[in-house]
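Written out below as structure tokens is the structure these notes cover.
Letters A, B, ... mirror the listed sequences (proteins, then strands); counts begin at 1.
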Amino acid sequence: MGDEIRRNMALFPIGIVMKLTDLSARQIRYYEQHQLIVPARTSGNQRLFSFNDVERLLEIKALIDKGVNIAGIKQVMNPVAKESQDATVLTDDTEEKRKELTDSQLYRMLKQQLVTGRRPGQVSLIQGELSRFFKS
DNA sequence: GTTCTTACA
DNA sequence: TGTAAGGA
């Protein structure tokens, strides 16, 4: 499968995303309410985030740390309303396979994404935010 | 045990 | 934004 799909696969539960982004569950859900992110949902209504979702959250965190409020962030970031464009992918197949992944494996996938699925402009940000999870 | 929604000392 | 309540 391509990188586009890999980046949009719904794999991470909110607990891992919290540690990954250093954001509270309250904040993550709040940003979702404001359409800044649109994570997929499992059949049991639990959120599953894609790497792209995590990436966006890291961008949001960077802005929040700079003192930008929601209104400001919405202007700086392109709204994720287009469900078709970069919506988080969650098929029954991926949902079941996700259950077999351990936290350790999920972190490993993120690490690989850091060196493979890089997109211009956000590399340094992500490496900086997630570096604490990986030994140099 | 984790996550979800709603609501507010 | 944090935290409690009550379910799933």
Q | Nearest atoms (heavy-atom pairs only) where A:L36 meets A:R56 | A | O-NE, 2.8 Å
Q.
Considering every strand and a 4.0 Å limit on heavy-atom distances, what is the contact class for A:I64: base, sugar-phosphate, or nothing?
A. sugar-phosphate
Q) What residues, two or more places apart in sequence or in another chain, satisfy ring pair (Phe, Tyr, Trp, His ring centres under 6.0 Å) together with A:Y31? A) none
Q) Only one of A:L106, A:D103, A:T42 forms a side-chain contact (heavy atoms from CB on, under 4.5 Å) with A:P13, so which one is it? A) A:L106
Q. For DNA chain C, what are the stems built from at least three Watson-Crick or G-U pairs in a row, each pair having both distances below 3.5 Å?
A. B:4-8 with C:2-6
Q.
Could you tell me if the side chain of A:L20 sits less than 4.5 Å from the side chain of A:Y107, heavy atoms only?
A. yes
Q: Apply side-chain hydrogen bond (donor to acceptor under 3.5 Å, both in side chains) to A:S43 and list each qualifying residue two or more places apart in sequence or on a separate chain.
A: A:E95
Q.
Holding to side-chain hydrogen bond (donor to acceptor under 3.5 Å, both in side chains), I want the full list of residues that pass it with A:E129, two or more places apart in sequence or in another chain.
A. none
Q) Can you list the residues that meet the side-chain hydrogen bond (donor to acceptor under 3.5 Å, both in side chains) rule with A:T91, with sequence neighbours excluded? A) A:T94
(Q) Going by the rule side-chain hydrogen bond (donor to acceptor under 3.5 Å, both in side chains), which residues pair with A:N45 if we only count those two or more places apart in sequence or in a different chain? (A) A:R41
(Q) The criterion is salt bridge (charged side-chain N to carboxylate O under 4.0 Å, His left out); which residues satisfy it with A:D92, sequence neighbours excluded? (A) none
Q | Phosphate contact (C:dT1 OP1 or OP2) by A:S24 side-chain N/O below 4.0 Å | A | no
Q | Protein-nucleotide distance (A:I28, atom CD1; C:dT1, atom P), rounded to Å | A | 11 Å
Q. Contact class for A:R47 vs. all strands (heavy atom < 4.0 Å): base, sugar-phosphate, or nothing?
A. sugar-phosphate
Q | Donor-acceptor contact present, side-chain A:Q105 to main-chain A:T102, <3.5 Å | A | yes
**Q.** Residues in side-chain contact (heavy atoms from CB on, under 4.5 Å) contact with A:I28, at least two apart in sequence or another chain
**A.** A:I14, A:V17, A:M18, A:T21, A:L23, A:I37, A:F49, A:L57
Q | Range on DNA chain B touched by chain A, heavy atoms, distance below 4.0 Å | A | B:dT3 to B:dA7
Q) Considering all heavy atoms of both residues, which atom of A:L90 and which atom of A:A10 are nearest to each other, and what is their separation? A) CD1-CB, 3.7 Å
Acceptor/donor pairs from residues 66-73 of chain A side chains to any protein atom, 3.5 angstrom cut, sequence neighbours excluded:
unit_1 : atom_1 : unit_2 : atom_2 : d
A:N69  : OD1    : A:A71  : N      : 3.1
A:N69  : OD1    : A:G72  : N      : 2.7

Q: Pull out every residue in residues 93-105 of chain A that has a heavy atom closer than 4.0 Å to any atom of DNA chain B, ordered by number, or say none.
A: none
Q: Sugar-phosphate means primed atoms, P, OP1 and OP2; the rest is base. With that split, encode nucleotides 3-8 of chain C 5' to 3' as B, S or - using protein heavy atoms under 4.0 Å.
A: B-----
